[in-house]
Amino acid sequence: MSNTVKQAAEAARSRGNEMMGTAKNVKGDSVAVANDFLHTPFMRAALPFINGGISGMVATTVIQPVDMIKVRIQLAGEGKAGGPKPTPLSVTREILASGKALDLYTGLSAGLLRQAVYTTARLGFFDTFMGRLTSRAKEKGQSIGFAERATAGLAAGGLAAMVGNPADLALIRMQSDGLKPIAERKNYKSVIDALGSIAKSEGVGALWAGAAPTVVRAMALNFGQLAFFSEAKAQLKTRTNWSGNAITLSASAIAGFFASFFSLPFDFVKTRLQKQSRGPDGKLPYSGMADCFAKVAKQEGLMRFYRGFGTYYVRIAPHAMVTLIVADYLGFITR
């Protein structure tokens with residue numbers, strides 16, 4: 001009887017080991033298939049764009065309330081030299097006083113669409129350009145310098161901004177809608193509703209309103225963010241013994257500061273141009289980027305362009321950090 005039990009136990013153990021071995025083989029085969037798929041020419045070309053879009057959308061979801069506050073600060077006191085001087089705290093209090101905390105996430109759908117388009121293209125183009133520049137430099141026995149990183153960042157930002165301008169415009173319109181008198185509000189339900197409403201009432205061309213400062217802002221932002229991130233990372237690797245995570249975090253914080261400094265004036269003008277609507281006389285407050293710069297400088301003072309720098313940095317730096325860290329991680333697990 002005892003021999004029969006032992007034999008049965010050994011047979012069960014043997015079958016269990018066989019099943020575990022089969023499961024491991026299946027898992028191994030699945031990983032191998034996934035790796036093979038990720039290394040196909042199509043996926044190698046597409047991954048920088050996919051990783052860029054995902055990382056940007058994650059960052060936007062985290063930072064959206066700060067972006068909402070930043071836009072409200074930029075639109076306060078328009079056309080007045082003194083004007084109100086809102087603080088991030090006062091703007092937040094005003095939004096919460098309406099009894100709708102979720103208003104801080106107004107325009108999230110537009111923000112996500114913008115990231116899906118803009119950041120996907122921006123980081124995708126940058127990685128693609130950098131890959132080609134690196135290959136060319138290696139063939140010549142050279143290494144990539146700051147000038148090449150800056151060129152790649154400027155080109156990627158400009159191209160991506162043109163593609164993403166409609167979503168950016170919808171985001172500004174949705175975030176500024178609450179500042180209008182109740183009777184004049186559009187009460188957009190979603191980014192699709194906003195885009196459709198703007199195209200119907202103002203024409204399809206209106207979706208590219210503020211495109212000039214948007215492109216220049218994106219180029220300035222990318223110059224500060226991607227070029228300085230790449231450069232800071234390279235410098236920290238050679239000059240410190242920090243861990244990879246510490247280097248990535250520090251480099252992204254440095255990049256966020258320079259991105260904020262270079263791009264804020266253009267972001268300010270972009271917000272004003274994309275928010276504007278025709279008055280009773282049928283005219284727009286600003287005819288274009290240069291006119292907006294001139295009128296704001298004359299009526300409100302030069303420092304108005306840097307109003308809310310702290311809020312803008314708090315919006316840009318963490319967004320840059322989350323985007324670049326997530327993109328770095330996705331690049332690592334899909335390489």
Side-chain angles (χ1 to χ4, degrees), residues 59-108 110-111 114 167-181 184-186 188 194 209-210 213-214 216-218 220-221 224-225 256-277 285-286 289 292-322:
T60 289
T61 303
V62 174
I63 303 301
Q64 182 68 16
V66 181
D67 189 62
M68 175 69 170
I69 293 166
K70 183 266 298 182
V71 168
R72 291 291 180 91
I73 288 175
Q74 289 179 331
L75 294 175
E78 186 172 1
K80 300 176 183 177
K85 293 183 178 179
T87 65
L89 190 61
S90 67
V91 172
T92 304
R93 192 184 298 118
E94 182 183 338
I95 294 171
L96 294 178
S98 66
K100 296 180 180 179
L102 287 178
D103 279 359
L104 288 168
Y105 274 91
T106 297
L108 178 61
R114 179 179 179 274
D168 199 30
L169 175 75
L171 175 62
I172 296 299
R173 292 290 182 90
M174 292 175 77
Q175 290 179 325
S176 63
D177 196 49
L179 293 174
K180 296 178 180 179
E184 296 178 18
R185 292 178 187 176
K186 302 292 185 181
Y188 303 113
T214 299
V216 178
R217 170 195 178 273
L221 186 77
Q225 188 181 104
F257 173 81
F258 283 104
S260 302
F261 178 78
F262 288 125
S263 66
L264 181 54
F266 301 105
D267 183 81
F268 181 94
V269 171
K270 173 190 76 69
T271 299
R272 288 286 179 92
L273 289 176
Q274 291 180 333
K275 173 260 180 184
Q276 70 175 344
S277 56
Y286 311 108
M289 181 171 69
C292 184
F293 265 113
K295 285 182 176 176
V296 171
K298 183 179 179 180
Q299 298 172 359
E300 304 173 44
L302 287 173
M303 290 309 296
R304 183 60 63 93
F305 293 112
Y306 277 95
R307 171 182 274 187
F309 178 82
T311 305
Y312 188 62
Y313 177 73
V314 170
R315 181 250 184 264
I316 290 293
H319 194 283
M321 291 166 74
V322 174

Novice: Restricting to side-chain hydrogen bond (donor to acceptor under 3.5 Å, both in side chains), what partner residues turn up for R72, sequence neighbours left out?
Specialist: none

Novice: Taking C-beta and beyond as the side chain, do V269 and R272 meet within less than 4.5 Å on heavy atoms?
Specialist: no

Novice: Partners of T271 by side-chain hydrogen bond (donor to acceptor under 3.5 Å, both in side chains), sequence neighbours excluded?
Specialist: Q74

Novice: For T61, check side-chain hydrogen bond (donor to acceptor under 3.5 Å, both in side chains) against everything at least two apart and list the hits.
Specialist: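 By the side-chain hydrogen bond (donor to acceptor under 3.5 Å, both in side chains) rule, T61 matches no residue at all.
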
Novice: What is the minimum heavy-atom distance between Y188 and A194, and which atoms define it?
Specialist: CD2-CA, 3.5 Å

Novice: Assess the residue pair C292 and M289 against the criterion (side chain to side chain contact (heavy atoms under 4.5 Å, CB included)); give the C-alpha distance rounded to whole Å, side-chain angles, the decisive distance to 0.1 Å, and a yes or no.
Specialist: CA-CA 5 Å; C292 184; M289 181 171 69; 5.8 Å; no

Novice: Which distance, rounded to the nearest 0.5 Å, do you find between the CE of M68 and the CG of L171?
Specialist: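 If I round to the nearest 0.5 Å, the distance is 9.5 Å.
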
Novice: What side-chain donor-acceptor pairs closer than 3.5 Å can you find for residues 172-181, not counting sequence neighbours?
Specialist:
{"from": "R173", "atom 1": "NE", "to": "Q274", "atom 2": "O", "distance (Å)": "2.6"}
{"from": "R173", "atom 1": "NH1", "to": "E202", "atom 2": "OE2", "distance (Å)": "2.9"}
{"from": "R173", "atom 1": "NH2", "to": "E202", "atom 2": "OE1", "distance (Å)": "3.2"}
{"from": "Q175", "atom 1": "NE2", "to": "D67", "atom 2": "OD2", "distance (Å)": "3.2"}
{"from": "S176", "atom 1": "OG", "to": "I172", "atom 2": "O", "distance (Å)": "2.9"}
{"from": "S176", "atom 1": "OG", "to": "R173", "atom 2": "O", "distance (Å)": "3.4"}
{"from": "D177", "atom 1": "OD1", "to": "K186", "atom 2": "N", "distance (Å)": "3.0"}
{"from": "D177", "atom 1": "OD2", "to": "K186", "atom 2": "N", "distance (Å)": "3.2"}
{"from": "D177", "atom 1": "OD2", "to": "N187", "atom 2": "N", "distance (Å)": "2.8"}

Novice: Sequence neighbours excluded, which residues qualify as side-chain hydrogen bond (donor to acceptor under 3.5 Å, both in side chains) partners of S260?
Specialist: none

Novice: By ring-ring contact (aromatic ring centres under 6.0 Å, His included), which residues pair with F268, not counting sequence neighbours?
Specialist: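 F268 satisfies ring-ring contact (aromatic ring centres under 6.0 Å, His included) with F305 only.
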
Novice: Using every non-hydrogen atom in the two residues, find where R307 and P86 come nearest and quote the distance to one decimal.
Specialist: NH1-CD, 3.8 Å

Novice: According to the interplanar angle, ranging from 0 to 90°, do the rings of F257 and F261 count as parallel (below 30°), tilted (30 to 60°) or perpendicular (above 60°)?
Specialist: parallel

Novice: For S263 and A220, work out which heavy atoms get closest and say how close.
Specialist: CA-CB, 4.0 Å

Novice: Locate the shortest heavy-atom distance separating K295 from P285; write the atom from each residue and the value.
Specialist: NZ-O, 2.8 Å

Novice: Kindly indicate whether the side chain of P213, heavy atoms from C-beta on, has any atom under 4.5 Å from the side chain of F293.
Specialist: no

Novice: Report the distance from atom NZ of K270 to atom NZ of K275, rounding to the nearest 0.5 Å.
Specialist: 14.0 Å

Novice: Taking all non-hydrogen atoms of both residues, which atom of I73 and which atom of G308 are closest, and how far apart?
Specialist: CG2-CA, 4.2 Å

Novice: The criterion is side chain to side chain contact (heavy atoms under 4.5 Å, CB included); which residues satisfy it with S277, sequence neighbours excluded?
Specialist: none

Novice: For the CD1 atom of I95 and the CG atom of L104, what is their distance to the nearest 0.5 Å?
Specialist: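 The CG atom of L104 is 5.0 Å from CD1 of I95, to the nearest 0.5 Å.
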
Novice: List the residues meeting ring-ring contact (aromatic ring centres under 6.0 Å, His included) with F258, not counting sequence neighbours, and say none if there are none.
Specialist: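 F258: ring-ring contact (aromatic ring centres under 6.0 Å, His included) contacts with F228.
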
Novice: Which heavy atom of T311 sits nearest to which heavy atom of P88, and what is that distance?
Specialist: OG1-CG, 3.0 Å

